[in-house]
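Just below is one structure, and these are the notes that go with it.
Any value given below was found using the heavy atoms of this structure, including those in side chains, with hydrogens, waters and symmetry copies removed.
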Amino acid sequence: MKYPFQCFLAKIILLALASSFVSCYDPSPLQDYCVAVPEKNGVFVNGEFCKDPKLVTSDDFFASGLNIPGNTNNRLGSFVNPANIPGLNTLGVGIARIDFAPGGQIPPHIHPRASEIILVIKGKLLVGFVSSNDYNYTLFSKILYPGDVFVHPIGLVQFHANIGKTNAVAIGAVGSQNPGYISVGDAVFGSKPPIDPKILAKAFALDINIVRYLRKVFSPQDDIVND
């Protein structure tokens with residue numbers, strides 16, 4: 001004997017289980033493209049307004065300038081230059097040029113909304129990521145040379161460092177138009193308002209004065225929480 005309601009419920013449960021195996025971080029577009037425009041006279045999609053499709057041109061899907069070196073004269077010795085392409089809106093991808101001075105780095109960080117693949121164009125980079133506690137915080141690391149690529153899974157702590165004696169250049173591609181960027185040091189020691197130093201001292205097994213020093217490094221203009 002068949003039970004229509006039970007059969008319907010079973011189908012819903014199976015559909016939910018099947019969908020759990022599908023990962024999609026940027027919404028799938030319901031149109032060919034949604035070229036982002038600053039004017040508020042279009043349809044609001046993925047945080048941007050869509051340009052009238054009749055006015056879209058090839059230039060909306062084009063960008064130049066990734067051949068131009070970035071200014072690495074900063075504390076980290078690196079510079080990230082993302083391609084600004086209005087037509088990327090809703091397409092779920094992004095690309096950037098990354099320049100490194102000798103010894104420069106992109107410090108340990110997380111992209112909460114995208115995986116990243118990095119292609120070395122010039123120089124010698126040490127790259128890697130650390131797995132979650134499910135896999136015992138395992139470090140996966142590799143030295144890359146021109147033509148080498150390396151993939152960083154979404155949401156895991158990763159880093160890129162120039163270990164060569166010359167400038168290095170890489171191209172980073174991500175699976176989101178807005179992957180997000182969380183620097184571990186800035187988030188922990190430079191948060192606003194600051195995390196209580198006693199909490200950080202215990203969490204990282206550090207002397208509280210070292211925590212205060214790190215706070216000044218990452219957020220020099222903020223006051224420190226009192227003991």
Legend entry - Co-membership, hydrophobic cluster, residues I171 and V149, 4.5 Å side-chain: yes

Legend entry - Minimal non-hydrogen separation, P107 against S183, with atom names: CG-OG, 4.4 Å

Legend entry - Side-chain (T138) to main-chain (S131) donor-acceptor, under 3.5 angstrom: no

Inset, instruction - Please name the pair of heavy atoms, one in A114 and one in P179, separated by the smallest distance, quoted to 0.1 Å. - result: CB-CB, 3.6 Å

Legend entry - Heavy-atom side-chain contact between R215 and P197 under 4.5 Å: no

Legend entry - Residue list, side chain to side chain contact (heavy atoms under 4.5 Å, CB included) with A203, at least two apart or on another chain: none

Inset, instruction - To the nearest 0.5 angstrom, please state how far the CD1 atom of I95 sits from the CG atom of N84. - result: 13.5 Å

Inset, instruction - Decide yes or no on side-chain contact (heavy atoms from CB on, under 4.5 Å) for F204 and V188, but give the supporting numbers first. - result: CA-CA 11 Å; F204 292 96; V188 174; 3.6 Å; yes

Legend entry - Flag, side chain of Q177 to backbone of T90, donor-acceptor distance under 3.5 Å: yes

Inset, instruction - Can you sort out the partners of D207 under side chain to side chain contact (heavy atoms under 4.5 Å, CB included), two or more places apart, ordered by chain and number? - result: N209, I210

Legend entry - Contacts of S132 that satisfy side-chain hydrogen bond (donor to acceptor under 3.5 Å, both in side chains) - sequence neighbours left out: none

Inset, instruction - Quick one: which residue pairs count as a salt bridge (Lys or Arg N to Asp or Glu O under 4.0 Å) with a foot in residues 116-142, not counting sequence neighbours? - result: none

Legend entry - Residue pair I68 / N81, side-chain heavy-atom distance below 4.5 Å: no

Legend entry - Connected-component partners of Y145 among ILVMFWY, side-chain separation under 4.5 Å: L126, V130, Y137, L139, I143, F159, I163

Legend entry - Pairs meeting criterion side-chain hydrogen bond (donor to acceptor under 3.5 Å, both in side chains) with involvement of residues 52-74, two or more places apart: K51-D60

Legend entry - Residues clustered with F129, ILVMFWY side-chain links under 4.5 angstrom: V80, I98, F100, I106, I118, V120, L125, V127, F140, L144, F150, L156, Y181

Legend entry - Min side-chain heavy-atom separation K192-S219 under 4.5 Å: yes

Legend entry - Y213: partners by ring-ring contact (aromatic ring centres under 6.0 Å, His included), with sequence neighbours left out: none

Legend entry - Heavy-atom pair of closest approach, residues G87 and V35: CA-CG2, 4.1 Å

Legend entry - Under the side chain to side chain contact (heavy atoms under 4.5 Å, CB included) test, residues paired with I110 that sit two or more places apart: P112, V157, I182

Legend entry - Contact list for residues 160-170, test side-chain hydrogen bond (donor to acceptor under 3.5 Å, both in side chains), sequence neighbours left out: Q158-H160

Inset, instruction - Flag the pair K198 / I208 as yes when at least one side-chain heavy-atom distance between them is below 4.5 Å, and no otherwise. - result: yes

Legend entry - Least distance between heavy atoms, I85 atom then F62 atom: CG2-N, 3.8 Å

Inset, instruction - Hey, could you give me the CD/OG distance between Q105 and S78, rounded to the nearest 0.5 Å? - result: 7.5 Å

Inset, instruction - Determine whether L206 and I199 fall in the same hydrophobic cluster, where Ile, Leu, Val, Met, Phe, Trp and Tyr are linked whenever their side-chain heavy atoms lie under 4.5 Å apart. - result: yes

Inset, instruction - Scan for salt bridge (Lys or Arg N to Asp or Glu O under 4.0 Å) pairs involving residues 61-88, sequence neighbours excluded, and state none if there are none. - result: none

Legend entry - Side-chain (R113) to main-chain (N178) donor-acceptor, under 3.5 angstrom: yes

Legend entry - Where at least one partner belongs to residues 83-101, residue pairs that pass salt bridge (Lys or Arg N to Asp or Glu O under 4.0 Å), sequence neighbours excluded: R97-D99

Inset, instruction - Check each of I195, V217, V184, L214 against F189 using the side-chain contact (heavy atoms from CB on, under 4.5 Å) test, and report the only one that passes. - result: L214

